[in-house]
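We use all heavy atoms of the structure for the numbers below, so side chains are in, but hydrogens, waters and symmetry mates are not.
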Amino acid sequence: MSPDHQPAVPAEPVRAVVLMGVCACGKSEIGRRLAAALGWTFHDGDDFHPQANVDKMRGGVPLTDADRGPWLDALARLIDAAIRDGAGVVVGCSALARRYRERLGLPRPHARLVHLQGSPEVIRKRLEQRAGHFMPTSLLESQFATLECPTANEAAVVVSIESSPDDIVRQIIAALPPR
């Protein structure tokens, strides 16, 4: 993470962190570790997909925006509740396209977007080594085709996934405003 690519830290306390990125970038692992380090709750966006979405992806069929809508709305409500209640939440959600992040209500006060960024080669290797997940390697290309990296207006923290998980968590925490 280079300092010249990081946004100015907003003054308001953060109550929600959304970890975005393509499949196998580490959203779940980093999310669990980050939530533990902050004393917050972690929610894996994959757990919010309806079975029909899981079945499509398992079958190698990319989701449509219509498929994603209810899923993103459920995650937006989760983020809303954490901010409203003052509870801390870390959410792992691919949020690959800007319109998906907008549907989550991002950017917004008290929430930070973190892009876990990795090359297609690194992600493919991770995906091939992953067992028991519904996302097949065949959908990786569609993930990168959909990916719209966050713009400066989204005030996202961008972190390379090529560091150790502990280092990635430290980088994210360092980019958050003091609690």
Would you find a donor on one side and an acceptor on the other, under 3.5 Å apart, between the side chain of Arg101 and the backbone of Leu96? yes
Side-chain contact, heavy-atom cut-off 4.5 Å: Asn153 with Pro107? no
Which heavy atom of Leu19 sits nearest a heavy atom of Leu34, and at what distance? CD2-CD2, 4.4 Å
Member of Leu104, Val158, Val18 meeting the side chain to side chain contact (heavy atoms under 4.5 Å, CB included) criterion with Leu113: Val18
Looking at side-chain heavy atoms only, is the closest gap between His115 and Val157 below 4.5 Å? no
Is the closest basic N to carboxylate O distance between Arg99 and Asp65 below 4.0 Å? yes
Could you list the residues that satisfy salt bridge (charged side-chain N to carboxylate O under 4.0 Å, His left out) with Glu148, not counting sequence neighbours? Arg98
Between Ile83 and Ala111, which heavy-atom pair has the shortest distance, and what is it? CD1-CB, 4.1 Å
What pair of heavy atoms forms the shortest contact from Asp44 to Ser28, and how long is it? OD2-OG, 2.5 Å
Between Ser160 and Glu162: side-chain donor-acceptor atoms closer than 3.5 Å: no
Are the side chain of Asp85 and the backbone N or O of Ala87 linked by a donor-acceptor pair below 3.5 Å? no
Give, for atom NE2 of His43 and atom CG of Leu78, the distance between the pair rounded to the nearest 0.5 Å. 4.5 Å
Looking at every non-hydrogen atom in both residues, tell me the closest pair between Ala74 and Phe48 and how far apart they are. CB-CD2, 4.2 Å
Taking atom CG of Asp46 and atom NZ of Lys27, what is their separation to the nearest 0.5 Å? 7.0 Å
Under the 3.5 angstrom rule, does the side chain of Trp71 hit a backbone N or O of Gly45 as a donor-acceptor pair? yes
Is the backbone of Leu63 close enough, under 3.5 Å, to the side chain of Arg68 for a donor and an acceptor to pair up by distance? yes
Answer yes or no: is there a side-chain heavy-atom contact under 4.5 Å between Ser163 and Gln171? yes
Are the charged groups of Arg108 and Asp80 less than 4.0 angstrom apart, N to O? yes
Take Leu116 and Val114, measure what side-chain contact (heavy atoms from CB on, under 4.5 Å) needs, and give me the verdict at the end. CA-CA 6 Å; Leu116 298 175; Val114 176; 4.2 Å; yes
Kindly indicate whether the side chain of Val22, heavy atoms from C-beta on, has any atom under 4.5 Å from the side chain of Thr146. no
Going through the checks in order, is the side-chain contact (heavy atoms from CB on, under 4.5 Å) test met by Met57 and Val61? CA-CA 5 Å; Met57 289 183 282; Val61 178; over 6 Å; no
With side chains defined as the heavy atoms from C-beta onward, is the minimum distance between Ile123 and Cys25 less than 4.5 Å? yes
Do the non-hydrogen side-chain atoms of Val89 and Trp40 ever get within less than 4.5 Å of each other? no
Return the minimal non-hydrogen interatomic distance between Arg33 and Asp166, and the atom names on each side. NH1-OD1, 2.7 Å
Sorted by chain and residue number, the salt bridge (charged side-chain N to carboxylate O under 4.0 Å, His left out) partners of Asp67 (sequence neighbours excluded) come out as Lys56
Decide yes or no for Thr41 and Val90: does some side-chain heavy atom of the first lie under 4.5 Å from some side-chain heavy atom of the second? no
Test item: Glu29 side-chain N/O and Gly26 main-chain N/O as donor-acceptor pair under 3.5 Å: no
Candidate pair Val91 and Val17, rule side-chain contact (heavy atoms from CB on, under 4.5 Å), full reasoning: CA-CA 6 Å; Val91 178; Val17 173; over 6 Å; no
Working note: Gln117 + Val159, criterion side-chain contact (heavy atoms from CB on, under 4.5 Å); need CA distance, chi angles, decisive distance, verdict. CA-CA 6 Å; Gln117 188 175 59; Val159 181; over 6 Å; no
Is Gln143 reaching over with its side chain to a backbone N or O of Cys23, donor-acceptor style, under 3.5 angstrom? yes
Supply the atom-to-atom distance Ile161 CD1 to Asp167 CG, rounded to the nearest 0.5 angstrom. 13.5 Å
Does some side-chain heavy atom of Met20 sit less than 4.5 Å from a side-chain heavy atom of Ser94? no
